[in-house]
Engineer: 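Before I ask anything, let me first share the structure, which is written out below as structure tokens.
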Amino acid sequence: MRDSKTSAKENRPKNHGEHMPRILAHFVAPAGISVCLIALAVPAGVHAQSDVAKVYKTNCVLCHAADGSGNSTSGKALGAKDLASSEVQKKADAELTEVIAKGKGKMPAFGAKLKPDDIKQLVAYIRAMPKK
């Protein structure tokens, strides 16, 4: 007669590991595909905006301040333009591109440091600043 205290291990099916591939196929794979599709669905503009904000922060904030006002310590000392001002905003894109690339007055040239696409995005970033 068998002992009534048979171990749980003896009662388990011998092939309990064969269900794992099905579990992975039914739950994990669709979740991974969903994450990939969501990442692809995020508009490119969101990525570009964060990239241009990073370029602005790295290269422009020191003088033009985070809000573009030119009210930073360096900006005040150098007479940095308020990027949201009508004086700057009325300039053509080509003029702004040239100032960023070649510099003007006390503003250094960034053409050797930044890619043309980065400069183009900076111009768009400046255009998006609230008007004054």
Side-chain angles (χ1 to χ4, degrees):
M1 177 174 206
R2 281 187 113 169
D3 186 60
S4 62
K5 296 182 181 181
T6 56
S7 71
K9 197 173 190 180
E10 290 176 9
N11 291 332
R12 239 190 276 161
K14 302 283 186 222
N15 57 0
H16 65 277
E18 76 181 21
H19 298 292
M20 188 58 72
R22 276 192 252 156
I23 291 171
L24 288 173
H26 289 291
F27 297 108
V28 177
I33 291 169
S34 296
V35 169
C36 290
L37 289 175
I38 290 169
L40 290 173
V42 173
V46 172
H47 298 294
Q49 185 177 16
S50 64
D51 291 344
V52 73
K54 186 176 177 181
V55 170
Y56 181 84
K57 184 177 180 181
T58 302
N59 298 287
C60 311
V61 165
L62 183 64
C63 296
H64 290 284
D67 63 356
S69 67
N71 286 330
S72 67
T73 304
S74 299
K76 288 177 184 176
L78 296 171
K81 301 284 184 189
D82 180 346
L83 300 177
S85 70
S86 61
E87 177 187 353
V88 172
Q89 292 293 322
K90 71 180 178 184
K91 292 187 183 293
D93 287 358
E95 288 179 272
L96 294 175
T97 299
E98 186 172 333
V99 170
I100 295 168
K102 297 180 179 176
K104 185 174 182 181
K106 294 180 182 177
M107 181 171 158
F110 287 93
K113 184 177 181 183
L114 299 175
K115 296 181 232 165
D117 192 49
D118 289 336
I119 294 173
K120 183 179 176 182
Q121 288 179 4
L122 278 174
V123 171
Y125 191 81
I126 290 167
R127 294 280 186 229
M129 290 184 167
K131 310 285 186 278
K132 291 189 176 182

Engineer: To the nearest 0.5 Å, what is the distance between CD1 (I126) and NZ (K91)?
Structural biologist: 11.5 Å

Engineer: Given side chains that start at C-beta, do those of L83 and Y56 come closer than 4.5 Å, heavy atoms only?
Structural biologist: yes

Engineer: If you take all heavy atoms of N71 and A65, which pair is closest and at what distance?
Structural biologist: N-CB, 4.1 Å

Engineer: Which distance, rounded to the nearest 0.5 Å, do you find between the NZ of K113 and the CG of N59?
Structural biologist: 4.0 Å

Engineer: Got a second to check how far D118's CG is from F110's CZ, nearest 0.5 Å?
Structural biologist: 12.0 Å

Engineer: Does S74 have any side-chain contact (heavy atoms from CB on, under 4.5 Å) partners at least two apart in sequence or in another chain, and if so, which?
Structural biologist: L62, C63, S72

Engineer: Which donor-acceptor pairs under 3.5 Å do the side chains of residues 92-109 make with protein atoms, sequence neighbours left out?
Structural biologist:
unit_1: D93; atom_1: OD1; unit_2: R127; atom_2: NE; d: 2.9
unit_1: D93; atom_1: OD1; unit_2: R127; atom_2: NH2; d: 2.8
unit_1: E95; atom_1: OE1; unit_2: A92; atom_2: N; d: 2.9
unit_1: T97; atom_1: OG1; unit_2: D93; atom_2: O; d: 2.8

Engineer: Sequence neighbours left out, what pairs pass salt bridge (charged side-chain N to carboxylate O under 4.0 Å, His left out) with at least one residue falling in residues 70-81?
Structural biologist: K81-E87

Engineer: Between Q89 and P130, is there a donor-acceptor pair closer than 3.5 Å when you use the side chain of the first and the backbone of the second?
Structural biologist: no

